There are 2 protein chains.
Amino acid sequence: MAFRGDRPRIGQVAELAGVSATTVSHALNGRRPVSAETRQRIMDAIAELGYRPNVVARGLRAGRSLTIGLVIPDITNPFYPVLARGVQDVLGPAGYDEIITNTNGVRDLERAALDKMISRQVDGVAFAVFHTHADDLRPVIDARIPVVRLGGRQSLPGVDLVHSDDEGGARAAVEYLIHSGYQRIAFICGPAAEGPAAERVAGYRAALAEAGLGAARNMVVHTDFSRAGGAHGVEKLIRQRKRPDAVLCANDMMAIGALDAARERGLRVPEDLAVMGFDDIDAASLVTPGLTTIANPAREIGMACARLLLDRIDGAEGPAREIVIPTRLVRRQSA
Amino acid sequence: MAFRGDRPRIGQVAELAGVSATTVSHALNGRRPVSAETRQRIMDAIAELGYRPNVVARGLRAGRSLTIGLVIPDITNPFYPVLARGVQDVLGPAGYDEIITNTNGVRDLERAALDKMISRQVDGVAFAVFHTHADDLRPVIDARIPVVRLGGRQSLPGVDLVHSDDEGGARAAVEYLIHSGYQRIAFICGPAAEGPAAERVAGYRAALAEAGLGAARNMVVHTDFSRAGGAHGVEKLIRQRKRPDAVLCANDMMAIGALDAARERGLRVPEDLAVMGFDDIDAASLVTPGLTTIANPAREIGMACARLLLDRIDGAEGPAREIVIPTRLVRRQSA
DNA sequence: CTGAAAGCGCTAACAG
DNA sequence: CTGTTAGCGCTTTCAG
C-alpha cells in the first residue's frame, strides 16, 4: 500500500535547503527569479531527497490536471491506437497525459465516461462515437471543458470536429476504378448508412454520376462491417444477372472478406473482380493480393485533434471549427 | 479555458440541501449513516446543480489517485492495445483509470515515464520493457508504489512479474510440427536472443532434443523482428545444402514474411515448407494461407497484471510473485 | 445522526 | 530576491 508519508514534500526540500516552500516552488516553476546560489541549494536538496512534485496537488491548486480524456469505442480496434498515438505525440511534449476509456459504442457507457472525465477534472476531451446526441456532451460543455469530436457529420454547436474526408476518399476510389477501365462498380456498405459509411456512399454515388455511369440501385448492398459481411456482400452481388467487375467496400475488413469470397468462388482479383477497401489498416498490406485502399489517416486525425484541444485550453475562443483530414489512395494489387 | 468556478462544489450542494459539507460527503461515500430524508435532499441538490465530485481533490486528501500507469513501448504495436484492454477491464470496475505512456523502448523515456507516474501519484504501475535495469524501478519502489512487470525473465526483487509461457509455447509448436511429420525444423530468431525470443529458442531446442532430432546449428538464423526479417530468414535457409521442411518464427510478423518468401520462391505452404508464427496477432488469420501459430494471450496477461496490482494496492504483502500465462496452439493452414 | 475545523501538497497574492 | 498566509475541494478527526 502506498503511503504518501514516504514521499518527500516540498516543505522538506525547503527545510533541507534552508529556504521557504514558496522559493522552492518558484525555483521549480520559474515564475519569479531565484538567486543562482539558492537555486543550487534547492536542486541539491531535491536530488538528495529524490523529491518529485505532486502533480495532483499542483492540479488542485491550479485548477488544471494536465490530463485529457480520450473516449473511444475500443482501443482494440486497430484504428484507435494509431489515433491515440497521434494525440499523445502532440500532447505529451506539452505536458499532458491521456486517460483512455472504452465505451464499446454503448451510449450509457459513453455518458458515464464523460461524467468520469469531468470528475477527473480533465483539461480537454476527445470524443469518438457513432451515436452522438448533443445532450450527452452538455455536462462537459457546461463544465467549460473543451471538447473535440472525432468523426461524425453535423457539427454540434460549440464542439470542434475533426474527421477525414470520407466522401472525397470514396470519390477518389471510384474515379481510380473508372480510370482503370472498370465499368460496373458496386459498393458494399454497412447495415444502414451508419457513421462514416454515409459519406462514403455519397462519394461513391457522386463519382458514378459525374462519370455518367449512374448507380444501379442493386449495386449497393448492405451487410455488416465485418470480414464475414464483406464476403456475404460479394456472394450477393455475383448472384445478380449483371455482375459487377469491381467492388468498393466501406472498410478494409469487409474488403478482406470480399477477397475471401472471390477466392472461394474462383474469381481472379483484380482480373475478374477488382476489390478496394477503405482505411488502410495494417492488414491491408498483409493479405494476398495486397489491398488497394483509401488511407484514413488516424495519426493525422489524432494530431489535429490534439492541436485543437491545446488551442482551446490556451483560451482560444470563437465558433466551432471543423478540420477535414485528406485521405489518400494506396495502390496495391487488388485493383 | 476551463474555469473551475463554473463547477459546483460540495459546499454548494450542502448549502442547497441545508446541511454541512461533511454530511454531503458521507451521503456520497457511505462512511457513516445519513438519515433517509437528508440523503434525499442531498441527492436532489446534486441533481439540480449537476454536481460531480472532484476526484483530484479527493485524491489529494486520500493519498490515492485511483489511477494506474501503464508504461509500454508502443500502443501501436498490436499486442499492447489488447493487453491494455485486459488491464482496463479488470481495473475499470474497481474505479481505476489508466494513463498509458509510450517509451518506444528507449531507456531514457522509460525512466522519464516512471518519474512522471510518481509525480502523478498513480496507485500502481504496469511496466513492459525489454531493457529492465533494476535501478530504473528503484524510485517507484521507494515511493511505495506497487509495480508489476510484464514480460521479461529474471524477476527483480520486490517486483511482481506476469509473462506468457514462451518456452512452453515454442516447445508445443515444435512438438506439433514433429507430430505432423516434419523432420528438419528451423527457427527464425531476432538479432540476438532478445526479450521473449530467448525463451522461445530455448523451447525450440528442448523439444528437438527430447525428440532426438538435435538442432543443427545452422537451423537457427538471426534476422530482425519484422516481416522483411522473416523473408530474409527463409531466403537464407533455402540456400543451405539441406533445406528445412518447416520453420518456426519468433513472431507472427516474421512468419508472414516467411510466407512472402515462400510464395516468391514458388514453395507450397505447408507441403514444401510449413510455417509457424508466435503471438497470434489479428493478421495471422488474415493472411493466406492462414498462419498456424502460438497464441500469446495479451488480454489474459493484462487481466492477471491488473489483479495483482489490485491485490498489492489493497495491501497484500509477501515476496514477489510470478504469474505465467499459458500459451495455446492455434491451427490454421500454414502448418 | 450531524457540524466545525483541520489539513492533504502546492502556488498565488501580498508583504518586505 | 525571499517569506507568510490563505485556500484549491475534499474527507476526517473530534465534538455534540
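Just so we're on the same page: letters track the sequence lines, and every chain starts at 1. In this text the structure is predicted, and so the values were computed from the model without any measurement.
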Open item on the list: Taking the side chain as everything from C-beta on, heavy atoms only, tell me whether Leu66(A) gets closer than 4.5 Å to Arg120(B).
Closed with: yes
TODO: Round to a whole Å and report the spacing from CG of Leu66(A) to P of dT11(C).
DONE: 11 Å
TODO: Dump the intermediate steps for salt bridge (Lys or Arg N to Asp or Glu O under 4.0 Å) on Arg138(A) and Asp135(A), then the final yes or no.
DONE: CA-CA 5 Å; Arg138(A) 175 91 283 132; Asp135(A) 289 350; 5.9 Å; no
TODO: Could you list by number each residue of residues 35-56 of chain B showing a heavy-atom separation from DNA chain C of less than 4.0 Å, or answer none if no residue does?
DONE: Ser35(B), Thr38(B)
- [ ] Specify the separation, in whole Å, of atom CD1 of Ile10(B) and atom P of dA4(C).
- [x] 14 Å
Task: Identified side-chain contact (heavy atoms from CB on, under 4.5 Å) counterpart of Val125(B) within the set Leu114(B), Ile68(B), Leu70(B) - done: Leu114(B)
- [ ] May I ask you to verify if any side-chain N or O of Thr23(B) is less than 4.0 angstrom from the OP1 or OP2 atom of dG3(C)?
- [x] yes
- [ ] Can you spot which of Val148(B), Val147(B), Asp160(B) makes a side-chain contact (heavy atoms from CB on, under 4.5 Å) with Leu309(B)?
- [x] Val148(B)
Open item on the list: How many whole angstroms separate atom CG of Leu28(B) from atom C1' of dT12(D)?
Closed with: 15 Å
Open item on the list: Val324(A) vs His163(A), test: side chain to side chain contact (heavy atoms under 4.5 Å, CB included). Steps then yes/no.
Closed with: CA-CA 5 Å; Val324(A) 180; His163(A) 64 92; 3.8 Å; yes
TODO: Among the candidates dC10(C), dG3(C), dT11(D), find the nucleotide nearest to the side-chain atoms of Ser20(B).
DONE: dG3(C)
Open item on the list: Nearest whole Å is fine: how far is dA6(D) P from Leu60(A) CG?
Closed with: 18 Å
Open item on the list: Less than 4.0 angstrom from a charged side-chain N to a carboxylate O is my criterion; do Arg85(B) and Asp89(B) meet it?
Closed with: yes
Open item on the list: Whole angstroms only, please: what is the CD-P distance between Gln121(B) and dG9(C)?
Closed with: 8 Å
Open item on the list: For Arg41(A), is there an ion pair with Asp44(A) - N to carboxylate O distance below 4.0 angstrom?
Closed with: no
Open item on the list: Distance check needed: dC10(D) P versus Arg64(B) CZ, whole Å only.
Closed with: 16 Å
Report, one pair per line, the protein and nucleotides 12-16 of chain C atoms (nitrogen or oxygen only) whose separation is under 3.5 Å.
| from | atom 1 | to | atom 2 | distance (Å) |
| --- | --- | --- | --- | --- |
| dA12(C) | O4' | Arg61(A) | NH2 | 3.2 |
| dA12(C) | N6 | Thr22(A) | OG1 | 3.1 |

- [ ] Please tell me if the side chains of Ile313(A) and Tyr96(A) come closer than 4.5 Å, counting only heavy atoms from C-beta onward.
- [x] yes
Open item on the list: For Arg299(A) and Thr76(B), which I'm curious about, is there any donor-acceptor pair between the side chains at under 3.5 Å?
Closed with: no
- [ ] Send over the distance from Gln12(B) CD to dC8(D) P, rounded to a whole Å.
- [x] 11 Å
